[in-house]
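For reference, the structure is listed below as structure tokens.
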Number of protein chains: 2
Amino acid sequence: MTKTDESIEHENSNGSAETEAGAFSIRVLDRTLAVIGFMAETRRQVGITEISGATSLSKATIHRILSTLRDHSVVLKDENGRYQMGPAVLLWADAYRRRSGLSELARPLLRVLWERCRETVHLFVYENGDAFYLDKIDSPHPVGMRSRIGARRDLYSTSAGRAILSFLPDSERNAYLDRTELLAHTAMTVTDRAKLEEILAFGREQGFCEEKEENEEGIRCVGAAILDLRGYPVGAVSVSSPSYRFSDEQSRSIGVFVRDTALAVSRGLGYGK
Amino acid sequence: MTKTDESIEHENSNGSAETEAGAFSIRVLDRTLAVIGFMAETRRQVGITEISGATSLSKATIHRILSTLRDHSVVLKDENGRYQMGPAVLLWADAYRRRSGLSELARPLLRVLWERCRETVHLFVYENGDAFYLDKIDSPHPVGMRSRIGARRDLYSTSAGRAILSFLPDSERNAYLDRTELLAHTAMTVTDRAKLEEILAFGREQGFCEEKEENEEGIRCVGAAILDLRGYPVGAVSVSSPSYRFSDEQSRSIGVFVRDTALAVSRGLGYGK
DNA sequence: TGGATGCGTTCCGTTCTTCGTAACGGACAG
DNA sequence: CTGTCCGTTACGAAGAACGGAACGCATCCA
């Protein structure tokens, strides 16, 4: 069963695939979340044996977990005994999305931005140390970015993440940079901390950050931070596009649009009033 | 703590808030889902004590559960120690929504329907015995329905649910009616099984079902089933509106639109090919 | 200012829940 | 028919989860 390449850490040196939890955790819950995570990643019906292979849990354990989840419609089981995500999670996601109102507030403004530049527009939300895709409007062009609502993205290599970083309080930004190893996703990824800090300082000044094929070959990005009424970054807006339609000048002019859009959203949150 | 009016069953006569699981379940997982369910219902930050009161679990237990969930970004904790849903669930919901593709397929067709009737349009998905809100487009009028993506709805009293019921195989429909108690949500709710079966038979014939203030005072609804290539109902489309803008004739003419929309979606799924 | 009350959090011994091995039964292919 | 795969079930052992009680910290009120 092909290794779950993208999954988080896993596989500590001792061979146990258990994720090391922050403090004290409920083991079966950690395991359950690993199972759900795997099912959400592979977007298709999966059997217990396959999940067992991916998570290093016994089939009996997984069967017990899935049976419980099924009773609550968190997962569904088809007639062949294969499992998939179920509709109960919709309510949870709606509850999260509705809470901040960021999604509703930003949606019409994102659409204006999309009309202007006709490229894939992303909305991110920042939650203590991580950026998540919250919403997107796809490019009308067939060549699209692949992105999944809810996926977690790096702060240091994405334009939106950099925009967020650049507006973080110094202490918080430094804490992040101290604990984070700058890994290269492509040959272009900036992995030098000093260079990155330069980029962030410049980005903060001009109001948006760029990224040139640093996450995916052939894709460029510009992003700007959304600030709440205290000036704290709660999210970001970004535009992604294939490099061949995204010259340096275009990147800058779109960057201004992105910055203005993010600013409008920030105003809606009370920033600058 | 205003009673969670709309919440599903809960609260068995014995006072224990534990939901009786189907077969054998993992207790702590059931409890976890009760906690998550409560948090998703009350869309705001909640403290451990409040959750404890609502679920009859000890504070220590809830604290342990929430700590574990927090490690995985399923819930977030603010600086005052209050909890709320977190972004990890977005990925799960996206995985579910993407699986069938019903949402993407139906969206443009729902918009056409919405342009025609300018009322709140709902998309439902049917998963073994339950109907869930999958998507909606709100009425432009200020008076809107209250509905939450992911919420579970009755099959017997809603127009969409009836449309689904009417196209279910006889055995499955009868099994549902046998096990379901027809509760009145308003004074108008049809609670007589024979009468309901009449409504279903008629609905199946004309291709859509109605509902007159049977779920909420002053709200009417028409719905039609979405069928897959085997003719099995996988969901439904419905239009809701305040009664004062929804005469019997309007209901019928909109019903035809709804039926046609649902049919177009069904075609997209391979029905009738 | 001091006490009282509420909160989220931690501790710890007991117990009952969860665990994995192994066996089962059915589906399918050779 | 037989081998191998699947999902499922059984059961005794082990240790994970449990909750009462204590803690530290806020806030509120006298």
Side-chain angles (χ1 to χ4, degrees), chain A residues 1-2 14-36 38-39 42 44-72 74-86 128, chain B residues 1 15-36 38-39 42 44-72 74-86 128:
Chain A
M1 308 299 111
T2 69
N14 58 18
S16 132
E18 221 72 40
T19 64
E20 93 311 352
F24 276 96
S25 309
I26 299 178
R27 191 180 62 175
V28 65
L29 241 184
D30 277 324
R31 292 172 165 187
T32 300
L33 293 171
V35 170
I36 292 179
F38 175 75
M39 290 182 50
T42 81
R44 57 197 165 79
Q45 327 229 103
V46 290
I48 284 186
T49 304
E50 183 177 352
I51 301 174
S52 173
T55 58
S56 309
L57 299 174
S58 77
K59 289 200 298 177
T61 299
I62 291 173
H63 180 261
R64 235 173 300 129
I65 289 172
L66 289 176
S67 297
T68 308
L69 293 177
R70 198 169 88 96
D71 289 337
H72 297 266
V74 177
V75 304
L76 300 171
K77 183 167 77 158
D78 69 10
E79 62 276 10
N80 302 321
R82 317 265 289 253
Y83 293 83
Q84 55 180 285
M85 295 304 298
N128 53 266
Chain B
M1 329 279 106
S16 134
E18 218 78 35
T19 63
E20 91 312 351
F24 278 95
S25 310
I26 300 178
R27 190 182 62 177
V28 64
L29 241 184
D30 278 322
R31 292 174 165 185
T32 299
L33 293 171
V35 170
I36 292 179
F38 176 75
M39 289 182 51
T42 80
R44 57 196 166 79
Q45 328 229 101
V46 290
I48 284 186
T49 304
E50 182 177 353
I51 300 174
S52 172
T55 58
S56 309
L57 299 174
S58 77
K59 290 201 296 178
T61 299
I62 291 173
H63 180 261
R64 235 173 302 126
I65 289 172
L66 290 176
S67 297
T68 308
L69 293 177
R70 198 168 88 97
D71 290 336
H72 297 265
V74 176
V75 302
L76 300 172
K77 184 166 75 159
D78 69 10
E79 62 276 9
N80 303 321
R82 317 264 289 254
Y83 291 83
Q84 56 180 284
M85 294 305 297
N128 53 266

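Note: hydrogens, waters and symmetry copies are ignored here, and every other heavy atom, side chains too, is used. Proteins come first, then strands; the chains are lettered A, B, ... in the order of their sequence lines, and each starts at number 1.
Distance CD1 (A:I65) to C1' (C:dT17): 14 Å, rounded to an integer number of Å. Taking atom CG of residue A:L66 and atom C1' of nucleotide C:dC19, one finds them 16 Å apart after rounding to whole Å. One atom, CG of B:L57, and another, P of D:dG20, lie 11 Å apart when rounded to the nearest Å. B:R64 has its CZ atom 14 Å from the P atom of C:dC12, to the nearest Å. B:L29 has its CG atom 10 Å from the P atom of D:dC18, to the nearest Å. What separates CD1 of A:I26 from P of D:dG15 is a distance of 18 Å, to the nearest Å. As rounded to whole Å, 16 Å separates atom P of C:dT18 from atom CD1 of A:I62. Rounded to a whole Å, the CD1 atom of B:I51 is 15 Å from the P atom of D:dG19.
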Could you go over nucleotides 7-10 of chain C and give all protein N or O partners under 3.5 Å, atom names and distances?
from, atom 1, to, atom 2, distance (Å)
C:dG8, OP1, B:I48, N, 2.7
C:dG8, OP2, B:T49, N, 2.9
C:dG8, OP2, B:T49, OG1, 2.2
C:dG8, N7, B:K59, NZ, 3.1
C:dT9, OP1, B:K77, NZ, 2.6
C:dT9, OP2, B:H63, NE2, 3.3
C:dT9, OP2, B:Y83, OH, 3.1
C:dT9, O5', B:H63, NE2, 3.2

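On a pure distance criterion of 3.5 Å, no polar donor-acceptor pair joins the side chain of A:R27 and the base of D:dG15.
For the OP1/OP2 pair of C:dC19 and a distance below 4.0 Å, the side-chain nitrogens and oxygens of A:R31 include at least one atom meeting the criterion. The phosphate of C:dG20 has OP1 or OP2 within less than 4.0 Å of a side-chain N or O from A:T61.
In this structure, the separation between CD on A:Q45 and CD on A:E50 is 11.0 Å, given to the nearest 0.5 Å.
The closest side-chain heavy-atom distance from A:L66 to A:M39 is below 4.5 Å. Here the side chains of B:I36 and B:M85 are in contact, with some heavy-atom distance below 4.5 Å. Within the 4.5 Å cutoff, the side chain of B:R64 has heavy atoms near those of the B:T61 side chain. In this structure the side chain of A:I62 never reaches within 4.5 angstrom of the side chain of A:R31, judged on heavy atoms.
Checking side-chain atoms of A:N80 against main-chain N and O of A:R82 turns up no donor-acceptor pair under 3.5 Å.
Here the rule is side chain to side chain contact (heavy atoms under 4.5 Å, CB included) with B:V28, and of A:T68, A:T32, A:I26 only A:I26 fits it.
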